[in-house]
Peer 1: 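Would you mind keeping the following structure in view while I ask a few things?
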Amino acid sequence: MKKSKRFIAIISSIIMLFSIFGGLTQAFAATTYYAYSIGVNHGSATSSSSLTGDFRPNVKYANTCYGMINGITSYYNCSPDRAYMKGNNPSGNPRIASRVVFLNGHANQSNIVFNANNAGGNYDTGVTLGSTTTKCIGLASISMSTCDLISFVGCDTAKETTTSTNNIAKQARSRGATSSVGFKDKITSRST
């Protein structure tokens with residue numbers, strides 16, 4: 001009788017351990033999607049760059065908001081370099097094609113740019129609607145089919161003109177993003 005009680009207790013403990021481990025595995029498996037928020041503080045104008053403005057508060061706020069979505073692990077970068085912009089997320093997809101992407105910076109129809117503290121070199125980077133260059137990740141070079149939402153928070157990122165109907169927001173959609181947000185005019189999207 002004592003042996004059977006001990007045997008039942010051992011089996012029950014093993015079942016409970018597997019149940020707990022299984023629950024933890026499911027919890028870790030649920031976090032398979034990624035959000036990235038990217039922007040910089042350009043700092044003061046320099047002889048090589050006239051860009052100024054601090055986009056970091058918006059980037060950090062977006063990171064916090066996306067991090068509250070169940071199943072999404074959210075990251076932010078306020079000093080991205082070229083390798084970071086062209087890198088992959090933990091699931092192996094291009095970082096820029098993650099489930100949710102928030103880009104905040106100076107922009108036009110074709111590009112959104114980052115240059116932390118106007119340091120230049122590898123920090124002079126961004127996203128372009130064309131092919132990848134040594135400086136920028138190019139949307140024309142990658143599939144965006146793993147992206148549910150990409151936000152290009154910068155001037156003219158969804159602008160169309162009589163000579164060009166293409167823009168960086170439209171390019172993301174045409175490359176497979178489920179939704180893409182851009183702006184048709186000049187905007188102010190930074191703190192002072």
Side-chain angles (χ1 to χ4, degrees), residues 35-63 65-66 76-82 84-86 94-192:
Y36 285 89
S37 302
I38 303 169
V40 302
N41 178 10
H42 286 282
S44 302
T46 64
S47 59
S48 61
S49 176
S50 61
L51 299 178
T52 61
D54 188 356
F55 299 91
R56 296 174 303 172
N58 293 339
V59 168
K60 291 175 182 177
Y61 182 71
N63 172 66
C65 292
Y66 295 137
Y76 73 92
N77 192 325
C78 292
S79 58
D81 61 13
R82 293 173 183 175
Y84 182 84
M85 293 303 296
K86 296 175 185 179
R95 191 172 281 119
I96 200 73
S98 294
R99 183 63 57 130
V100 178
V101 180
F102 177 87
L103 306 170
N104 191 194
H106 291 290
N108 59 35
Q109 283 177 268
S110 304
N111 305 287
I112 190 160
V113 298
F114 308 113
N115 189 352
N117 297 311
N118 284 317
N122 282 328
Y123 291 98
D124 186 8
T125 187
V127 180
T128 183
L129 68 80
S131 298
T132 296
T133 66
T134 55
K135 182 177 170 180
C136 296
I137 181 76
L139 294 176
S141 300
I142 60 172
S143 169
M144 295 293 291
S145 63
T146 53
C147 182
D148 280 344
L149 169 65
I150 185 165
S151 300
F152 297 98
V153 184
C155 297
D156 301 326
T157 53
K159 185 175 185 172
E160 296 182 355
T161 64
T162 55
T163 57
S164 174
T165 59
N166 203 11
N167 56 60
I168 197 167
K170 186 182 275 188
Q171 179 74 325
R173 275 283 289 135
S174 71
R175 298 295 299 161
T178 304
S179 56
S180 176
V181 176
F183 294 83
K184 292 185 173 190
D185 209 341
K186 304 291 182 211
I187 65 168
T188 300
S189 64
R190 60 189 174 271
S191 64
T192 52

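For the numbers below, each heavy atom of this structure counts, side chains included, while hydrogens, waters and symmetry mates do not. Here, residue 1 is the first one in the sequence, and each next residue gets the next number.
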Peer 1: So do the side chains of N58 and S189 get within less than 4.5 Å of each other, counting heavy atoms only?
Peer 2: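 In contact.
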
Peer 1: Measure across S180 and A172 and return the closest heavy-atom pair with its distance rounded to 0.1 Å.
Peer 2: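 Shortest heavy-atom contact: OG-CB, 3.9 Å.
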
Peer 1: Kindly compute the distance separating NZ (K170) from OG1 (T165), expressed to the nearest 0.5 Å.
Peer 2: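 Answer for the NZ-OG1 pair, K170 versus T165, is 4.5 Å.
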
Peer 1: If you compare all heavy atoms of I112 against all heavy atoms of G105, which two are closest, and at what distance to 0.1 Å?
Peer 2: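 So the two residues come closest at CD1-N, 3.7 Å.
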
Peer 1: Tell me which one of I168, N111, I38 satisfies side-chain contact (heavy atoms from CB on, under 4.5 Å) with V127.
Peer 2: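 Filter result, single survivor: I168.
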
Peer 1: If only atom types and distance count, is the side chain of S98 paired as donor or acceptor with the main-chain N or O of V101 below 3.5 Å?
Peer 2: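 Looks like no, no N/O pair under 3.5 Å.
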
Peer 1: Which heavy atom in R82 sits nearest to a heavy atom in G121, and how many Å separate them?
Peer 2: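 Taking every non-hydrogen atom into account, NH2-O, 3.0 Å.
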
Peer 1: Are any side-chain N or O atoms of N167 and backbone N or O atoms of E160, one a donor and one an acceptor, separated by less than 3.5 Å?
Peer 2: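 No, because the side chain of N167 does not come within donor-acceptor range (under 3.5 Å) of the backbone of E160.
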
Peer 1: Ignoring hydrogens and angles, tell me if any N or O in the side chain of S131 forms a donor-acceptor pair with the backbone of G138 under 3.5 Å.
Peer 2: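 No, because the side chain of S131 does not come within donor-acceptor range (under 3.5 Å) of the backbone of G138.
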
Peer 1: Measure the NZ-OG1 distance between K86 and T132 for me, rounded to the nearest 0.5 Å.
Peer 2: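 Nearest 0.5 Å value for the NZ-OG1 distance: 6.5 Å.
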
Peer 1: Give a yes or no on this: more than 12 heavy atoms of other residues, nucleotides or ligands lie within 6.0 Å of atom OH of Y76.
Peer 2: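 No, not enclosed.
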
Peer 1: Do N117 side-chain atoms and A119 backbone N/O form a donor-acceptor pair below 3.5 Å?
Peer 2: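 Side chain of N117 to backbone of A119, a donor-acceptor pair under 3.5 Å: no, none is there.
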
Peer 1: Can you tell if the side chain of I142 reaches within under 4.5 Å of the side chain of R175, non-hydrogen atoms only?
Peer 2: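 They are not in contact (no side-chain heavy atoms under 4.5 Å apart), so the answer is no.
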
Peer 1: When rounded to the nearest 0.5 angstrom, what is the spacing between CG in N41 and CG in N118?
Peer 2: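 Nearest 0.5 Å value for the CG-CG distance: 9.0 Å.
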
Peer 1: Suppose the criterion is ring pair (Phe, Tyr, Trp, His ring centres under 6.0 Å): which pairs have a residue in residues 96-123, not counting sequence neighbours?
Peer 2: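 For residues 96-123, and leaving out neighbouring residues, the ring pair (Phe, Tyr, Trp, His ring centres under 6.0 Å) pairs sorted by first residue read H42-H106, F55-H106.
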
Peer 1: Do K135 and D124 come close enough that some side-chain heavy atom pair is under 4.5 Å?
Peer 2: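 In contact.
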
Peer 1: Grab the two heavy atoms, one from T146 and one from A97, that are nearest each other, plus how far apart they are.
Peer 2: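 Of all heavy-atom pairs spanning T146 and A97, the closest is OG1-O, 2.6 Å.
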
Peer 1: Sequence neighbours excluded, which residues qualify as salt bridge (charged side-chain N to carboxylate O under 4.0 Å, His left out) partners of D81?
Peer 2: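 With neighbours one apart ignored, the set is empty.
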
Peer 1: So which atom in V40 and which in P80 form the shortest heavy-atom distance, rounded to 0.1 Å?
Peer 2: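 In terms of heavy atoms, the two residues are closest at CG1-CD, 3.4 Å.
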
Peer 1: Drop me the distance from K159's NZ to N108's CG, to the nearest 0.5 angstrom.
Peer 2: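 Rounded to the nearest 0.5 Å, the NZ-CG separation comes to 9.5 Å.
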
Peer 1: Taking K186 first and then D156, would you say they form a salt bridge - that is, a charged N and a carboxylate O separated by under 4.0 Å?
Peer 2: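 D156 and K186: salt-bridged.
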
Peer 1: Determine whether K60 and C78 make a side-chain contact, defined as any pair of heavy atoms from C-beta on separated by less than 4.5 Å.
Peer 2: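 Yes, close enough: below the 4.5 Å cut-off.
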
Peer 1: Ignoring hydrogens and angles, tell me if any N or O in the side chain of N115 forms a donor-acceptor pair with the backbone of G120 under 3.5 Å.
Peer 2: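 Yes, the answer is positive, given that a donor and an acceptor are paired below the 3.5 Å cut-off.
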
Peer 1: Measuring from atom CG of L129 to atom CZ of F152, what distance do you get when rounded to the nearest 0.5 angstrom?
Peer 2: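 Taking CG in L129 and CZ in F152, the distance rounds to 9.0 Å.
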
Peer 1: Can N166 and Q109 be said to form a side chain to side chain contact (heavy atoms under 4.5 Å, CB included), step by step?
Peer 2: CA-CA 8 Å; N166 203 11; Q109 283 177 268; over 6 Å; no

Peer 1: State the CD1-OG1 distance between I150 and T157, to the nearest 0.5 angstrom.
Peer 2: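 So the CD1 of I150 and the OG1 of T157 are separated by 10.0 Å.
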
